Amino acid sequence: MLDIQFIRDNPKLVAEKSKQKGYKVDIEKLLDSDKQRQELLSNLMDHQRARNDLTKSSKGQRPSDDQIKKGQVLRETITKEEEKLRKIDQEFTTQLASVPNMPLDDVPVGASEAENKVIKTWGEPREFDFAVKSDAELGEARDMIDKTRAAKVSAARFTYLKGGLVELEFAITQWVLKTLGDERLIERLITQNNLSLVAKAFVPVLPPAVANTATYMATGRLNGEDETYKLADDDLWLNASAEHILAPMYLEEILPEDQLPIRYVGFTTAFRREAGSYGKDTEGIFRMHQFDKLEMEVFSAPETGLDEHRLLVAIQEHLVQQLGLPYQLLLKCTADIGKPNARGIDINTWMPAQKQYRETHTADFIADYQARRMKTRLRRQDGGIELVHTNDATAFAMGRIIKAIMENYQTHDGHIIIPDVLRPFMSGKTEI
RNA sequence: GGAGAGGUGGCCGAGCGGUUUAAGGCGCACGCUUGGAAAGCGUGUGGAGUCGAAAGGCUCUCGCAGGUUCGAAUCCUGUCCUCUCCGCCA
């Protein structure tokens, strides 16, 4: 959610930047609701004060008939006003929540993901002297990916992942936890990128896989039942990313300044309905309804929010580089960064079978947009209260990174060489 | 799933229809005291909104949401959560 004061002061800017992100918002209508709400609130306060005065004036004695009558009138007025306020407040909040976060100045203006800007290319795609196979072909040939039986048992876009690929996933997980837990590495990345941050390791978290509606809404990430799975008999949604469960952790809390930044790396199974992607990426494990994900989440003071974002991107690059996978770094354009984002970076990793870079990572700088609705704040040393900044970023989304490793590290006879950094976590095994 | 108990300020804990503008204690901050500290004494001590240049005022906030009443932390209804016991279970 944006600060209403900011919208009051900059209605034109907000309308324009919202449009750049592809959101049509009626700022006039919002400001009108805002004004109505203010007036109603002020009237209500006056009447509440009158009621308090009346009660106090009777000093615990039984009030006179006249006072009772006055009180009854006041109560009726207050009840009516409260009812009205509730209605207008709901409208106001809905309208306010529909306004997207403002993109930072360096975010390119664009109408679709096609206008994302490649700002860096790392690594050389490998030359193959044999016919390159896709993750689907490699996995099915060795019976490590079985989507046919998964479809029979559950539905399309689910899979049984088996054998070496499972070992690979657990190796990646352990390696990431170890890497992000390494304070010296974090410090090195901070120094290399000239960031004003403290070196503090990431704490691993296994979060709940479901969130209730109110909480999920507060993250600004709940887009309805066409994208997220809702449990039929409970007020609960299956998370679409660990971030959605980690971000609201400090809902309505005030964190002491010296406790920040808080850096988490969460591991969770993510569920996505993928509505609107029918027929897209149906092959292999690139786009699944269910996949495991390692996700970084950072809570920080506002002045370090952007640097935390940069750190997360540096970590992402480090991780992909360590795996030796060629990638491109994209500065996402206004249309693609997402509603709560102020800025967004994608890493697209080289997928040899498709001869394309495909999205494997995202880093989202949210600034205070989530924190405002979640009421996650910090208390300064001097006692001041401010909203925190939140950042989230993919460490690895399993289906996609496993696909990338499979395809980039395949041999002519359908084996998969294991990247060096993962071998210690696979009992020294060199290939699958 | 069944039965019971309970959710009050940073924490503990009183209050169970009106002198509560939430007692008291702990903690914390500042001051006095001291060579310095402890103890002692004094003062202050959450959040949101709103008016104001500020000082400060006002409204809301006793899990949450409704209701009863001139008046609700207190009574009623619903709901969520926690704990205990039982049941089931990895």
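Quick note: numbers below take in every heavy atom, side chains included, and nothing from hydrogens, waters or symmetry partners. Just so it is clear, the model here is predicted, and its values are computed rather than measured. Chain letters run A, B, ... following the sequence lines, proteins first, then strands; residues in each count from 1.
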Report summary line: Whichever of A/Thr79 and A/Gly71 has the more 5' nearest nucleotide on RNA chain B, that residue is A/Thr79
**Report entry** N/O donor-acceptor pair under 3.5 Å between A/Asp182 side chain and A/Arg184 backbone
**Finding:** yes
Query raised in the report: Do you see a donor-acceptor pair shorter than 3.5 Å between the side chains of A/Arg51 and A/Gln48?
Result: no
**Report entry** Span that lies between the C1' atom of B/rC12 and that of B/rU8, in whole angstrom
**Finding:** 11 Å
Query raised in the report: What is the base-pairing partner of B/rU19, counting Watson-Crick and G-U wobble geometry with both distances under 3.5 Å?
Result: none
Report task. Using distance alone, with no hydrogens and no angle criterion, decide if A/Asp32 and A/Gln36 have a side-chain donor and acceptor under 3.5 Å apart. Result -> yes
Query raised in the report: Once you round it to whole Å, what is the distance between C1' of B/rG71 and NE2 of A/His47?
Result: 17 Å
**Report entry** Earlier contact from the 5' end, RNA chain B, for A/Asp53 and A/Ile68
**Finding:** A/Asp53
Query raised in the report: Are A/Tyr216 and A/His244 near enough that their ring centres are under 6.0 Å apart?
Result: yes
Report task. May I ask you to establish whether A/Arg358 and A/Phe286 are in a cation-pi arrangement, using a distance under 6.0 Å from NZ or CZ to the six-membered ring centre and at most 45° from the ring axis? Result -> yes
Report summary line: Answer for the Watson-Crick or wobble partner of B/rC11, both distances under 3.5 Å, is B/rG25
Report task. Say whether A/Asn116 and A/Asp336, considering side chains only, have a donor N or O and an acceptor N or O under 3.5 Å apart. Result -> yes
Report task. Write down the distance between CG (A/Leu74) and C1' (B/rU69), rounded to a whole number of angstrom. Result -> 14 Å
Query raised in the report: Rounded to whole angstroms, how far apart are NZ on A/Lys56 and P on B/rA72?
Result: 13 Å
Report task. Sticking with atom P, work out how far B/rA22 lies from B/rC41, rounded to a whole angstrom. Result -> 25 Å
Query - Pairwise P distance for B/rU74 and B/rC62, with rounding to whole Å - result: 8 Å
Requested in this report: Give A/Gln72 one of three labels, base, sugar-phosphate or nothing, depending on what nucleic acid heavy atoms sit under 4.0 Å from its own.
Outcome: sugar-phosphate
Requested in this report: For A/Asn43 and B/rC58, give me the distance from atom CG to atom P, rounded to whole Å.
Outcome: 19 Å
Query raised in the report: Does A/Tyr229 have A/Arg273 sitting over its ring (NZ/CZ under 6.0 Å from centre, angle to axis within 45°)?
Result: yes
Query raised in the report: Is there a Watson-Crick or G-U wobble partner for B/rG36 with both distances under 3.5 Å, and if so, which one is it?
Result: none
Query raised in the report: For atom C1', what is the distance between B/rG63 and B/rU82, given to the nearest Å?
Result: 10 Å
Report task. Would you kindly give the CG-to-P distance between A/Asp234 and B/rC80, to the nearest whole Å? Result -> 10 Å
Query raised in the report: Expressed in angstrom and rounded to an integer, what is the separation of A/Leu236 atom CG from B/rC80 atom P?
Result: 11 Å
Report task. Begin with the C-alpha distance, continue with both residues' side-chain angles, and end with the deciding distance and a verdict on salt bridge (Lys or Arg N to Asp or Glu O under 4.0 Å) for A/Lys70 and A/Asp53. Result -> CA-CA 11 Å; A/Lys70 260 189 205 158; A/Asp53 289 346; over 6 Å; no
Query raised in the report: Across all strands shown, which nucleotide pairs with B/rC62 by Watson-Crick or G-U wobble geometry, both distances under 3.5 Å?
Result: none
Query raised in the report: Under the 3.5 angstrom rule, does the side chain of A/Lys200 hit a backbone N or O of A/Pro261 as a donor-acceptor pair?
Result: yes
Query raised in the report: What distance, rounded to whole Å, do you find between the two P atoms, one in B/rG49 and one in B/rG1?
Result: 38 Å
Query raised in the report: Rounded to the nearest Å, what distance is computed from the CG atom of residue A/Asp46 to the C1' atom of nucleotide B/rU59?
Result: 9 Å
**Report entry** Base-pairing mate for B/rG6 - Watson-Crick or G-U, with both contacts under 3.5 Å
**Finding:** B/rC81
Query raised in the report: Is there a donor in the side chain of A/Gln95 and an acceptor in the side chain of A/Ser33, or the other way round, less than 3.5 Å apart?
Result: yes
Query raised in the report: Using atom C1' of each nucleotide, how far apart are B/rU45 and B/rU50 to the nearest Å?
Result: 23 Å
**Report entry** Close aromatic pair by centroid cut-off 6.0 Å: A/Tyr250 and A/Phe299
**Finding:** yes
Report task. With a 3.5 angstrom cut-off on both distances, give the Watson-Crick or G-U wobble partner of B/rG71, or none if there isn't one. Result -> none
Query raised in the report: Considering Watson-Crick and G-U wobble pairs with both distances under 3.5 Å, what does B/rG42 pair with?
Result: B/rC30
Query raised in the report: In Watson-Crick or G-U wobble terms, both distances under 3.5 Å, what is the partner of B/rG1?
Result: B/rC86
Could you pull out the protein-nucleic contacts involving nucleotides 47-51 of chain B (nitrogen or oxygen on both sides, under 3.5 Å)?
unit_1	atom_1	unit_2	atom_2	d
B/rG47	OP1	A/Arg379	NH2	3.4
B/rG47	O3'	A/Arg377	NH1	3.1
B/rG47	O2'	A/Arg377	NH1	3.4

Requested in this report: Using the P atom as the reference point in each nucleotide, state the distance between B/rA23 and B/rU19 in Å, no decimals.
Outcome: 12 Å
Output one line per pair: protein atom, nucleotide atom from nucleotides 60-66 of chain B, and distance, for all N/O pairs under 3.5 Å.
unit_1	atom_1	unit_2	atom_2	d
B/rC60	OP2	A/Asn52	ND2	3.3
B/rG66	OP1	A/Arg86	NE	3.2

Query raised in the report: When rounded to the nearest Å, what value does the distance between P atoms of B/rA65 and B/rC80 take?
Result: 15 Å
Report summary line: A/Asn212 atom CG is separated from B/rU79 atom P, nearest whole Å, by 17 Å
